[in-house]
Amino acid sequence: AAQPRRFGVGELALAEVRRKYSRMLKLMCKLTKGSVLTGPCGCLPHDDIIGQLPGQMIRTSKRVRLLLRRPSLEEYVLLMPRGPTIAYPKDISAILMMMDVHPGDTVLETGSGSGAMSLFLSRAVGPKGRVISYEVRQDHHNLAKNNYRHWCAAWKIGHVDKWPDNVDFILKDISTAAGDMKSLTVDSIFLDMLNPQTALRVVHPSLKQGGVCAVYLANITQVVELLYRIQTWKLPFLCEKIIEVTHRNWLVLPA
């Protein structure tokens with residue numbers, strides 16, 4: 001396999017230090033000449049990281065050893081700037097499986113939020129696919145675009161292949177976008193909004209026959225309301241499954 005690229009100016013670096021009980025402290029930074037990474041474990045100049053290969057251990061000013069590497073997409077979305085609460089990677093993985101997203105698909109997303117799901121969808125549909133992401137709030141719209149662009153720019157520096165430029169961020173209330181939907185056909189839909197039932201009437205004509213609409217909700221009360229509206233409004237949807245994804249970490253300490 002080809003050797004990984006060395007850290008360059010402008011890309012993202014993840015510093016990881018092992019703490020008590022095998023827990024990890026993770027710090028992410030954008031590498032800039034003359035800047036310093038600071039944290040509880042001391043200081044580390046960015047100039048000491050730039051030009052290094054990922055996977056090396058470097059000591060801070062307090063002589064604490066840091067493991068330096070490039071962040072995964074999961075780590076990036078957990079550490080990137082946030083406005084609204086993100087869809088967590090454990091949930092996103094299950095959602096992508098339920099939606100059965102393929103390379104080349106066109107996916108409609110409502111609720112760009114901080115851009116977490118947009119990034120995972122971007123990777124799933126690949127360079128031949130397309131993600132159309134609607135957001136009603138200006139601040140969330142700007143944040144999602146910025147997080148997406150920062151990831152793409154960092155990826156370009158640290159990798160040979162480019163991250164696909166395949167996400168269209170649209171600042172608009174999806175409930176008023178019926179005109180947009182007339183000329184749009186999508187393979188699947190993802191709804192992450194407070195009242196997804198208001199969007200279903202608008203988006204369902206664009207969904208391919210047999211396509212999947214996945215809805216991300218915070219509590220069961222919202223689920224009940226959604227099912228009630230689908231039934232009373234006679235919308236052409238069948239509820240296949242309702243799941244809660246749990247994630248449990250294990251701590252293993254050999255004697």
Side-chain angles (χ1 to χ4, degrees), residues 2-93 112-120 122-123 135 137-163 167 169 247-253:
Q3 283 291 320
R5 288 191 173 187
R6 296 179 182 273
F7 283 115
V9 175
E11 74 169 307
L12 298 168
L14 185 76
E16 193 175 78
V17 59
R18 188 175 295 275
R19 308 188 83 180
K20 195 175 181 181
Y21 303 123
S22 296
R23 291 193 176 93
M24 291 291 183
L25 172 65
K26 297 182 180 182
L27 302 171
M28 186 174 68
C29 65
K30 182 179 179 180
L31 296 175
T32 309
K33 281 190 174 293
S35 296
V36 177
L37 174 65
T38 59
C41 303
C43 302
L44 181 63
H46 287 197
D47 292 343
D48 291 353
I49 304 173
I50 296 168
Q52 299 287 345
L53 285 170
Q56 296 193 71
M57 305 290 289
I58 299 182
R59 291 189 183 274
T60 68
S61 58
K62 292 184 178 180
R63 307 300 296 166
V64 176
R65 292 174 44 147
L66 296 179
L67 172 64
L68 292 166
R69 57 185 179 82
R70 293 184 173 97
S72 66
L73 182 56
E74 176 189 10
E75 289 163 332
Y76 175 72
V77 300
L78 291 173
L79 296 171
M80 70 185 185
R82 296 188 208 170
T85 302
I86 63 168
Y88 283 90
K90 69 178 180 66
D91 298 321
I92 290 175
S93 299
S112 305
S114 298
M117 188 64 178
S118 306
L119 278 161
F120 277 94
S122 172
R123 183 169 68 179
E135 175 58 57
R137 286 185 51 166
Q138 178 82 59
D139 54 343
H140 294 176
H141 171 75
N142 293 338
L143 181 61
K145 283 201 303 184
N146 288 336
N147 283 333
Y148 177 78
R149 288 171 180 170
H150 290 160
W151 173 260
C152 291
W155 181 274
K156 183 178 180 180
I157 298 168
H159 298 80
V160 175
D161 56 323
K162 292 182 180 179
W163 190 271
V167 181
F169 291 99
H247 185 93
R248 182 170 61 180
N249 289 315
W250 282 65
L251 174 62
V252 179
L253 298 174

Which pair of non-hydrogen atoms, one from Cys43 and one from Val36, has the smallest distance, and what is that distance?
-> CB-CG1, 3.7 Å

Does the side chain of Glu16 come within less than 4.5 Å of Arg69's, by heavy atoms?
-> yes

Closest heavy-atom pair, Ile86 versus Ala116, reported as atoms and distance to 0.1 Å, is CB-CB, 4.0 Å

When you measure from the side chain of Ser114 to the backbone N and O of Gly83, does any donor-acceptor pair fall under 3.5 Å?
-> yes

Indicate the ring-plane relationship of His159 and Trp155, choosing parallel, tilted or perpendicular according to the 30° and 60° boundaries.
-> parallel

Might you point out which heavy atoms bring Asp48 and Ile58 nearest each other, and give the distance in Å?
-> O-CD1, 3.7 Å

Answer yes or no: is there a donor N or O on one side and an acceptor on the other, between the side chain of Glu135 and the main chain of His141, under 3.5 Å?
-> no

Is Arg5 atom CZ crowded by more than 12 heavy atoms from other residues, nucleotides or ligands, each under 6.0 Å away?
-> yes

The reported gap from CG in Leu68 to CG in Leu14 (rounded to nearest 0.5 angstrom) is 8.5 Å

If you take all heavy atoms of Asp47 and Gly34, which pair is closest and at what distance?
-> OD1-N, 3.3 Å

Supply the atom-to-atom distance Met80 CE to Leu73 CG, rounded to the nearest 0.5 angstrom.
-> 8.5 Å

Any donor-acceptor pair under 3.5 Å linking the side chain of Ser122 with the backbone of Ser118?
-> no

Intermediate values then yes/no, side-chain contact (heavy atoms from CB on, under 4.5 Å), Tyr88 and Val77 | CA-CA 8 Å; Tyr88 283 90; Val77 300; over 6 Å; no

Is it true that atom NZ of Lys90 has more than 12 heavy atoms of other residues, nucleotides or ligands lying nearer than 6.0 Å?
-> yes

Minimum heavy-atom separation for Leu25 to Cys41, with atom names?
-> CD2-SG, 4.3 Å

Asn147 side chain to Pro81 backbone, donor-acceptor under 3.5 Å | yes

Here the gap from Arg82 atom CZ to Leu143 atom CG, rounded to the nearest 0.5 Å, amounts to 10.5 Å

At what distance, to the nearest 0.5 angstrom, does CZ of Arg6 lie from CD of Gln52?
-> 7.0 Å

With sequence neighbours excluded, residues passing ring-ring contact (aromatic ring centres under 6.0 Å, His included) with Phe169 = Tyr148

Looking only at non-hydrogen atoms, find the nearest pair between Gly39 and Leu27 and report the distance.
-> CA-CD1, 4.2 Å

Report yes if the side chains of Leu119 and Val167 come closer than 4.5 Å at any heavy-atom pair, otherwise no.
-> no

Heavy-atom side-chain contact between Arg70 and Leu12 under 4.5 Å = no

Within the distance-only criterion (no hydrogens, no angle test), does the side chain of Ser112 pair as donor or acceptor with the backbone N or O of Ala144 below 3.5 angstrom?
-> no

How long is the gap from CG on Leu79 to CD on Glu74, to the nearest 0.5 Å?
-> 10.0 Å

Can you tell me how far the CZ atom of Phe7 sits from the NE2 atom of His46, to the nearest 0.5 Å?
-> 11.5 Å

